[in-house]
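Okay, structure first, notes after.
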Amino acid sequence: MKSALLFIAITIGLLLPDLAYFSGWIRGLVMLMLGLGFLTIKFKRDMLSKELLYVTLANLLIPIPVYLLVSYIGESQAEAAFVIAAAPAAIASPIVIGFIKKRTDFVSLAVVMTNFLPVLILPLAIPLVATRIDPGGEDAEYTIVLSVMVTILLPLFLAVAVRLIGGVLYNTVVWAKRFTLYLWLAAMALACAKARAFVNENDISTDLLISIAWISAAICVVNFGFGYLIGGKKFARESSQSLGQKNTMFAVWVGLTFFNPISVIAPVAYIIFQNIYNAFQILVFEIHEKRKLH
């Protein structure tokens with residue numbers, strides 16, 4: 001059902017490029033989804049581990065080498081690769097890892113840590129790789145810092161405040177969390193409309209779009225695979241999910257705000273590839289569980 005709705009949202013965005021007029025709403029939708037996601041994350045003392053540190057460092061260090069490597073193919077492809085490689089762990093990743101009965105608390109903390117890291121890192125990295133921004137200009141010094149901090153920290157602080165207040169307010173907001181899927185779908189439709197509008201207004205080749213999609217697939221394989229390796233025997237699946245399943249809506253916002261709008265093709269394509277992998281690993285788990293019963 002979720003995959004069908006995602007396909008519908010993407011189709012609507014591609015068929016109605018005039019929706020790009022409302023693409024400024026994407027930031028608000030991202031902040032709202034982050035806040036709702038942070039609200040119900042729970043922590044335990046034994047969640048900290050060296051594997052979690054490895055995942056955090058990998059999410060921090062991978063984007064620049066990816067950008068440099070893909071820059072040999074083309075600048076637009078390199079920017080798109082950076083946008084998705086720098087994206088933090090998806091809020092939904094603990095849910096997926098729960099389906100295969102692994103440590104959701106590990107992935108939950110990875111979500112918080114990797115979503116917090118962009119506040120410290122992206123303002124430094126974006127001016128170095130974004131062609132739309134003057135590395136020494138005012139945008140690099142103020143706009144990026146303020147935009148990233150507000151987008152990530154404000155939802156986190158509001159979520160903490162709501163949890164502290166508790167009562168009716170907390171219960172109401174938790175109830176509203178059920179609409180996160182529709183917020184995500186709306187943001188995806190607007191992102192696709194923005195990308196389609198940009199393609200319509202500029203001479204964008206089909207080869208460029210296809211190359212960005214293939215690059216997204218390669219990054220997806222690298223993220224899930226490398227995450228599995230650094231997780232060791234204890235947290236292989238958890239690390240793989242934390243590094244592989246990306247907050248694509250955050251990537252869309254970064255792409256539209258600081259990069260060439262065509263870069264949003266990367267997170268749109270990445271959604272498809274990461275969901276294919278998620279469906280595959282859940283299917284394998286279910287088959288394994290059925291065999292244990294016989």
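- Looking at Ser240, its side chain never comes within 3.5 Å of a backbone N or O of Ala236 through a donor-acceptor pair.
- Taken to the nearest 0.5 Å, the CE atom of Met31 stands 11.0 Å off from the CZ atom of Phe250.
- Minimum heavy-atom separation, Ala193 to Leu19: CB-CB, 3.6 Å.
- Aromatic ring centres of Trp175 and Tyr170 lie farther apart than the 6.0 Å criterion allows.
- No donor-acceptor distance shorter than 3.5 angstrom exists from the side chain of Ser263 to the backbone of Phe259, with no hydrogens or angles considered.
- At a threshold of 4.5 Å between side-chain heavy atoms, the hydrophobic network of Ile, Leu, Val, Met, Phe, Trp and Tyr places Phe273 and Ile215 in two separate groups.
- The hydrophobic cluster containing Tyr182 also contains Phe22, counting ILVMFWY residues as joined when their side-chain heavy atoms lie under 4.5 angstrom apart, directly or transitively.
- In the hydrophobic clustering of ILVMFWY residues, with side-chain heavy atoms under 4.5 Å counting as a link, Leu69 and Leu243 come out apart.
- The 12-atom threshold is not exceeded at CZ of Phe226, counting heavy atoms of other residues, nucleotides or ligands nearer than 6.0 Å.
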Residue pair Arg237, Ile97: steps toward the side chain to side chain contact (heavy atoms under 4.5 Å, CB included) verdict: CA-CA 8 Å; Arg237 290 290 183 184; Ile97 208 67; 4.1 Å; yes
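- Distance alone, capped at 3.5 Å, is enough to place a donor-acceptor pair between the Ser216 side chain and the Ala266 backbone.
- When every heavy atom of Phe224 is checked against every heavy atom of Gln245, the shortest pair comes out as CZ-N, 3.6 Å.
- In this structure, Glu238 and Leu52 have side chains that are not in contact, with every pair of non-hydrogen atoms separated by 4.5 Å or more.
- In this structure, Ile230 and Glu51 have side chains that are not in contact, with every pair of non-hydrogen atoms separated by 4.5 Å or more.
- Side-chain contact check for Glu75 and Tyr67: at least one donor-acceptor pair (N or O, by modelled atom type) lies under 3.5 Å.
- When all heavy atoms are compared, the tightest approach of Leu60 to Pro63 is O-CD, 3.6 Å.
- A donor-acceptor distance shorter than 3.5 angstrom exists from the side chain of Gln274 to the backbone of Lys246, with no hydrogens or angles considered.
- Side chain of Asn59 to main chain of Val55: no donor-acceptor pair is present (N/O by atom type, distance under 3.5 Å, no hydrogens or angles).
- Annotation: the span from Leu57 atom CG to Ile62 atom CD1 amounts to 10.5 Å, rounded to 0.5 Å.
- Residues Leu169 and Val174 fall within the same hydrophobic cluster, defined by Ile, Leu, Val, Met, Phe, Trp and Tyr side chains chained together at heavy-atom separations under 4.5 Å.
- Between the side chain of Ser205 and the backbone N or O of Leu208, at least one donor-acceptor pair lies under 3.5 Å.
- Looking at Leu190 and Leu29, their side chains come closer than 4.5 Å, going by heavy atoms from C-beta outward.
- Interatomic distance, CD1 of Ile265 versus CD of Gln77, reported as 12.0 Å (0.5 Å rounding).
- Between Val264 and Val252, the shortest heavy-atom contact is CG1-O, 3.9 Å.
- Smallest separation of non-hydrogen atoms from Ser76 and Ile262: CB-CG2, 4.4 Å.
- Side chains of Ile64 and Phe82 form a contact here, defined as non-hydrogen atoms less than 4.5 Å apart.
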Determine, step by step, whether Tyr270 and Asn223 satisfy the side-chain hydrogen bond (donor to acceptor under 3.5 Å, both in side chains) criterion, reporting the C-alpha distance in whole Å, the side-chain angles of both residues, the deciding distance to 0.1 Å, and the verdict. CA-CA 11 Å; Tyr270 197 94; Asn223 284 337; 3.1 Å; yes
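- Residue Leu109 holds its CG atom at 10.5 Å from CZ of Arg103, rounded to the nearest 0.5 Å.
- For the pair Gln241 and Lys102, the minimum side-chain heavy-atom distance is 4.5 Å or more.
- Tyr54 has its side chain out of reach of Ser239: every pair of non-hydrogen atoms, C-beta onward, lies at least 4.5 Å apart.
- Side-chain atoms of Ser93 never come within 3.5 Å of backbone atoms of Ala89 as a donor-acceptor pair (strictly under, hydrogens ignored).
- Hydrophobic clustering (ILVMFWY, side-chain heavy atoms < 4.5 Å, transitive): Tyr228 and Val107 are in distinct clusters.
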